[in-house]
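The structure under discussion appears below in the form of structure tokens.
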There are 2 protein chains.
Amino acid sequence: MDVKDNRAARIGDVAREAGVSTATVSRALASPEQVRPELRARVRAAVAKLGYTPNAAARQLRVKRSRTVLVVTRKRWSAPFFAEVLRGLDAELSAAGYAMVLANMDSEGQDRSRQLVDMMFSGTIDGAVFLSDFVAVADGRSVFDAGLPLVSLCAAMEGTHAVLTDEDVCMERALHQLFALGHRDILYLPGPAENYNEIVRWGALARAFEAAGPGLGLTRAEGGDFSLDYGAAAARAFLASERRATAVMAVSDESAIGFLNTVQDAGIGVPDDLSVLGFDGIEFADFCRPTLSTIRQPRFELGRTGARVLLAAIDADAPPAPTRHVLHNILDLRGSTGPAPRRLETS
Amino acid sequence: MDVKDNRAARIGDVAREAGVSTATVSRALASPEQVRPELRARVRAAVAKLGYTPNAAARQLRVKRSRTVLVVTRKRWSAPFFAEVLRGLDAELSAAGYAMVLANMDSEGQDRSRQLVDMMFSGTIDGAVFLSDFVAVADGRSVFDAGLPLVSLCAAMEGTHAVLTDEDVCMERALHQLFALGHRDILYLPGPAENYNEIVRWGALARAFEAAGPGLGLTRAEGGDFSLDYGAAAARAFLASERRATAVMAVSDESAIGFLNTVQDAGIGVPDDLSVLGFDGIEFADFCRPTLSTIRQPRFELGRTGARVLLAAIDADAPPAPTRHVLHNILDLRGSTGPAPRRLETS
DNA sequence: TTGTAGGCGTTATCAC
DNA sequence: GTGATAACGCCTACAA
């Protein structure tokens, strides 16, 4: 029924069926207003009858646009965070008729890097958004050299459009809330030292301490990788230490949750003995006990914005100068934070 | 340096630079053993000098292979589950040189369906794996009609290769463990009624009860959607009820965790008053208190296997008959399950 | 408004 | 082992 043999229908088949030229078929599909209603209808009928779908590769070869963007990710993202950002990207991209190819850079292997770089140079991709600050390089070329529009999400790689949150501001604001609650000694659970967000958040914290003057303590825990397990490990280290801190700020909700559970296991009361603050605002933050105070990032919106910025750059005639877009987080103080416990220092 | 103007180098440029024909360049790249070492070296040098990357669209047009597969997802997946499966898919696909395009079918909208169907017919895709049991239909054609190799992951859609787990077996095994602990009344927290996994798990449970004889109670909670929030809502409903159940089995860890937290807030002791069992084995199951008993699914391996099965089907000369692959879950009983509390019935 | 025809960049089939 | 050359299926000047 649908096709003569079982090869897919091509534009010529449709043209023949409709009694018009291939040019008319092409136009009837791409810019219907340019073709007389009657022919338009005949073309449409033929298309339906033959089950015609234009071949994407052939189109791409002519038009030099793939309507596909690359999304580069990295393992270290917490799944609940990552999934929402991805949904946001998908929502916006698919609405614009773009497909999204996903590439995980977990391995940093030479093979994977070459794949990435090749993709950028092979014309399969109209642009890319990085949820990773890893720059793949192969054969002396980097992902930047292809000259495609690039967006870095939750990071600000040079030469890309950056979509960020005001994480530094929020970090400082959160710290001041803790100060207001009487906390003077803070333990910070970091992410990997080279991570963009880690650098920004720790930087904001360190500067705020500097500005706040003496008599305050800030400790940065060893290691760190955003994970639940790390949070638990950091808690064990804390328990084995002098335990001067009365509040803990984590670089992620996951580390905060890992920490929270582990210190409570050891009989430490949260928030009575210790306050805990996470970062991200994942759903699980509502489902620990006590509920986790956190800095909520607009995860879905980050994805949407990233996609929008990329699409705008793709549609621009000339490559636009790198832009920068800042979304706002929300400080959400709940069960896991409270007044600092009274100690020796109590006058 | 790299290119004459700033247009990308084409195969002809390389041929000229190396002093050979385009055919030789193509061969030197695709099947080096067919070309004399000297020429091979000259070609390689020219490629490096010009920074040549073959144009994917042109290649695709000839070869009729895109080395790209589609992954169709749906919102209802728990993020930690979904993310691991995706990593498994990516690991295997990228190792085979395949790219992965992701499409979210959250909306079920007509537009999105058409996009999907068009993709399958436009030659952009060599095959697809479904993490969704939703069948997109548009213009009277479904995603099946393109005749591409298809894999359904954690589901068994007809006409596809299915990659499954022994969830029914594990569900029954878990139930018998609860019986052995003295539980006689079980509350089940379901997923959406039409969901494949829900049907299998609930079916296994219901059958096992039937077989176990009288004197046992099985209640299926209303609604259900895998989520944390649903678990909390079900807990509130439970608290407002007669509370006959001494054990709760949830269709997902997330619902179990939502339930667990909420009943504990109301003063119910877990596992002393009530046992709770989840399903999936996400990381967060280790980080609630008590630790959540669960049925661990091999998430990463599910992804890898799905990819492998798809790639095999793509490489097969003739479309192979649908296959079926069953992976094994692990029943992990921990803090949240214990002996049934003694009640009136205690002799 | 419609049709003709050239070319997008590869691969693969032939001859040599 | 290597080189012409003809597709692959579409879009788009350009001409009618």
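Letters A, B, ... are given to chains in the order of the sequence lines, protein chains preceding strands, and every chain is numbered from 1. What you see is a predicted model; the values in this text were computed from it and never measured.
Salt bridge status for B:Asp126 with B:Lys64: absent, with no side-chain N to carboxylate O gap under 4.0 Å. A salt bridge links A:Asp13 and A:Arg16; the closest N-O separation between the charged side-chain nitrogens and carboxylate oxygens is under 4.0 Å. A salt bridge links B:Asp118 with B:Arg141: the closest approach of a Lys/Arg side-chain nitrogen to an acidic carboxylate oxygen falls below 4.0 angstrom. Between B:Glu301 and B:Arg308 there is a salt bridge, since at least one side-chain N of the basic residue sits less than 4.0 Å from a carboxylate O of the acidic one. Between A:Arg112 and B:Asp90 there is a salt bridge, since at least one side-chain N of the basic residue sits less than 4.0 Å from a carboxylate O of the acidic one.
For the segment residues 34-45 of chain B, residues with any heavy atom less than 4.0 angstrom from an atom of DNA chain D are, sorted by number, B:Gln34, B:Val35, B:Arg36, B:Leu39. Residues from residues 113-127 of chain A with heavy atoms under 4.0 angstrom of DNA chain D: there are none.
No donor-acceptor distance shorter than 3.5 angstrom exists from the side chain of A:Arg10 to the backbone of A:Tyr52, with no hydrogens or angles considered. Listed for the B:Arg44 side chain is no donor-acceptor partner under 3.5 Å among the backbone atoms of B:Ala28. At distances below 3.5 Å, not a single donor-acceptor pair connects side-chain atoms of A:His325 with backbone N or O atoms of A:Val163. Put simply, the side chain of B:Glu17 never gets that close to the backbone of B:Val47: no donor and acceptor are under 3.5 Å apart.
Counting only heavy atoms from C-beta on, A:Val20 has its side chain closest to C:dG3 among C:dG3, D:dT2, C:dT11.
Residue pairs meeting the side chain to side chain donor-acceptor pair (under 3.5 Å) criterion with at least one member in residues 145-159 of chain B, sequence neighbours excluded: B:Ser152-B:Thr160.
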Identify all pairs in which a protein N or O lies below 3.5 Å from an N or O of nucleotides 14-16 of chain D, and state each distance.
none

Identify all pairs in which a protein N or O lies below 3.5 Å from an N or O of nucleotides 8-10 of chain D, and state each distance.
residue : atom : partner : partner atom : Å
D:dC8   : O3'  : B:Lys64 : NZ           : 3.0
D:dG9   : OP1  : B:Lys64 : NZ           : 2.8
D:dG9   : OP2  : A:Arg10 : NH1          : 3.2
D:dG9   : N2   : A:Ala58 : O            : 3.4
D:dC10  : OP1  : A:Tyr52 : OH           : 2.7
D:dC10  : OP1  : A:Asn55 : N            : 3.2
D:dC10  : OP2  : A:Ile11 : N            : 2.5

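When the side-chain contact (heavy atoms from CB on, under 4.5 Å) test is applied to B:Ser132, the partners found at least two apart in sequence or on another chain are B:Val72, B:Arg74, B:Phe134.
Of all heavy-atom pairs between A:Val143 and A:Leu150, the closest is O-CD2, 4.1 Å. Looking at every heavy atom in both residues, A:Phe144 comes nearest to A:Met157 through CZ-CE, 3.5 Å.
In this structure, the CG atom of B:Asp13 is 12 Å from the P atom of C:dC8, given to the nearest Å.
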